[in-house]
Amino acid sequence: MAEIHPTAIVDSKADLDADVRIGPFCVVEEDVVLGAGTSLGPGVHICRWTRLGKNNVVHQGSILGGPPQDRKYSGERSFLEIGDDNVFREFVSLHRGSGEDTKTTIGDDNYLMAYCHVGHNCAIGNQVTMANGVGVSGHVSIEDMANIGGLTGIHQFVRIGKVTMIGGMSRIVKDVPPFMLMEGNPAEVRDINAVGLRRIGVTKEARMALHKACKLLFRSSMGMTHAVQTVKREVQMCDEVEYLLKFVAGTLKGRFGRQEQA
């Protein structure tokens, strides 16, 4: 039997693994799934159509699976799906999708610090870290191992590439390319995320190639199309540079905070 505090309210139609711990004054609504090893701190509210995998830790006052903040939403069924081994600190809020049977997804081994918010229809990968007070608008995608500084605001429909570092209190209104360090208001690419790349074992040669590509793509006066062609011609190709170019190819004119030049 799951360990449920006597002050908690758990709907009989919730699906709880036997190895679940639910603290005082929690609310778990119907059609919720809680996987083995998951624990809810005091005052946590898990809303309908929310699914948590194994070994998630949800701290005091968090609300997971709340209805989306979207004027078009009219109560239709939508989902919040969360993987394994995540930590949600105090007063985190995660909203389910907006639109029939849509969803917000959170992967594995993420760490969201106090007061973070993830809006509707977002897709968060694995091993993402968000410091206190990060606000993620709807329809945002965040790839694996992104690290987002506190009080950063992220505009809707933005893509954040993998192994990025975003400085605290940044305003993110354009895509953040993978492997880069970005900060400011509005945010700009400053350099590669050298520390993060070393930590995951990216070779010195690949880091140097990324550094050269970064200068050409984001720190030069060339237009993006010309810069991409120059990178392909002058920079040693490796998996990381190829991934960066693929990401850039999916962006539109001026997405990195400056207008395309002829």
Heavy-atom count check: over 12 atoms from other residues, nucleotides or ligands less than 6.0 Å from [X] [atom1]?
X      : atom1 : result
Arg71  : CZ    : no
Glu242 : CD    : yes
Arg171 : CZ    : yes
Glu3   : CD    : no
Met237 : CE    : yes

Atom [atom1] in [X], atom [atom2] in [Y]: separation rounded to 0.5 Å?
X      : Y      : atom1 : atom2 : value
Glu240 : Thr203 : CD    : OG1   : 6.5 Å
Leu94  : Thr105 : CG    : OG1   : 11.0 Å
Leu245 : Lys232 : CG    : NZ    : 6.5 Å
Glu29  : Leu64  : CD    : CG    : 11.5 Å
Thr102 : Phe79  : OG1   : CZ    : 9.0 Å
Leu197 : Met145 : CG    : CE    : 9.5 Å

Using only atom types and a distance under 3.5 Å, with no angle test, would you say the side chain of [X] pairs donor to acceptor with the backbone of [Y]?
X      : Y      : value
Lys174 : Pro186 : no
Ser137 : Ile154 : yes
Thr164 : Pro177 : no
Arg159 : Phe247 : yes
Asp144 : Val163 : no
Arg207 : Arg198 : no
Glu143 : Lys162 : yes
Ser98  : Gln69  : no
Ser141 : Ala123 : no
Arg219 : Val189 : yes

**Report entry** side-chain contact (heavy atoms from CB on, under 4.5 Å) between Lys54 and Asp85, worked out
**Finding:** CA-CA 6 Å; Lys54 299 178 181 179; Asp85 302 304; 5.9 Å; no

Between [X] and [Y], is there a shared hydrophobic cluster once you connect ILVMFWY residues whose side-chain heavy atoms come closer than 4.5 Å?
X      : Y      : value
Val128 : Leu112 : yes
Val118 : Val57  : no
Val10  : Phe25  : no
Ile200 : Met180 : yes
Val202 : Leu181 : no

Report task. Please lay out, stage by stage, how Ile22 and Leu34 fare under the test side-chain contact (heavy atoms from CB on, under 4.5 Å). Result -> CA-CA 10 Å; Ile22 299 178; Leu34 299 181; 4.3 Å; yes

Report task. Applying side chain to side chain contact (heavy atoms under 4.5 Å, CB included) between Leu52 and each of Leu80, Ile106, Asp17, Val58, report the one that passes. Result ->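 Of the listed options, the one satisfying the test is Val58.
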
Requested in this report: Would you mind telling me which of Val173, Ile142, Ile172 makes a side chain to side chain contact (heavy atoms under 4.5 Å, CB included) with Val158?
Outcome: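 It is Ile172; the other options fail the test.
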
Compare every heavy atom of [Y] with every heavy atom of [X], then report the nearest pair and how far apart it is.
X      : Y      : value
Gly23  : Ala8   : O-CB, 3.6 Å
Asn132 : Met113 : OD1-CB, 2.9 Å
Gly97  : Ser78  : O-OG, 2.6 Å
Ala14  : Val28  : CB-CG1, 3.9 Å
Arg48  : Asp31  : NE-OD2, 2.7 Å
Leu40  : Cys26  : CB-SG, 3.9 Å

Query raised in the report: His59 and Val92: side-chain contact (heavy atoms from CB on, under 4.5 Å), yes or no, with the steps?
Result: CA-CA 8 Å; His59 285 257; Val92 164; over 6 Å; no

Query raised in the report: What's the verdict on salt bridge (Lys or Arg N to Asp or Glu O under 4.0 Å) for Asp11 and Lys13, showing C-alpha distance, side-chain angles and the deciding distance?
Result: CA-CA 5 Å; Asp11 193 279; Lys13 295 180 181 178; over 6 Å; no

Query - Stepwise side-chain contact (heavy atoms from CB on, under 4.5 Å) test for Leu244 and Leu217 - result: CA-CA 10 Å; Leu244 173 61; Leu217 292 169; 3.8 Å; yes

Requested in this report: May I ask you to decide if the ring planes of Tyr243 and Phe179 are parallel, tilted or perpendicular, using 30° and 60° as cut-offs?
Outcome: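 Ring orientation, 0 to 90° scale: perpendicular.
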
Query raised in the report: According to the interplanar angle, ranging from 0 to 90°, do the rings of Phe91 and Tyr115 count as parallel (below 30°), tilted (30 to 60°) or perpendicular (above 60°)?
Result: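 The arrangement is parallel - the two ring planes meet at less than 30°.
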
Query raised in the report: Does the side chain of Asn110 pick up a donor-acceptor pair with the side chain of Asn86 at under 3.5 Å?
Result: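 There is such a pair between these side chains.
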
Report task. Not counting sequence neighbours, list each pair that qualifies as a salt bridge (Lys or Arg N to Asp or Glu O under 4.0 Å) and has a residue in residues 92-113. Result ->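 Those involving residues 92-113 are Arg77-Asp101, Glu81-Lys103.
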
Query raised in the report: Does any non-hydrogen side-chain atom of Ile148 lie less than 4.5 Å from one of Ile160?
Result: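 Heavy-atom side-chain distance check passes, below 4.5 Å.
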
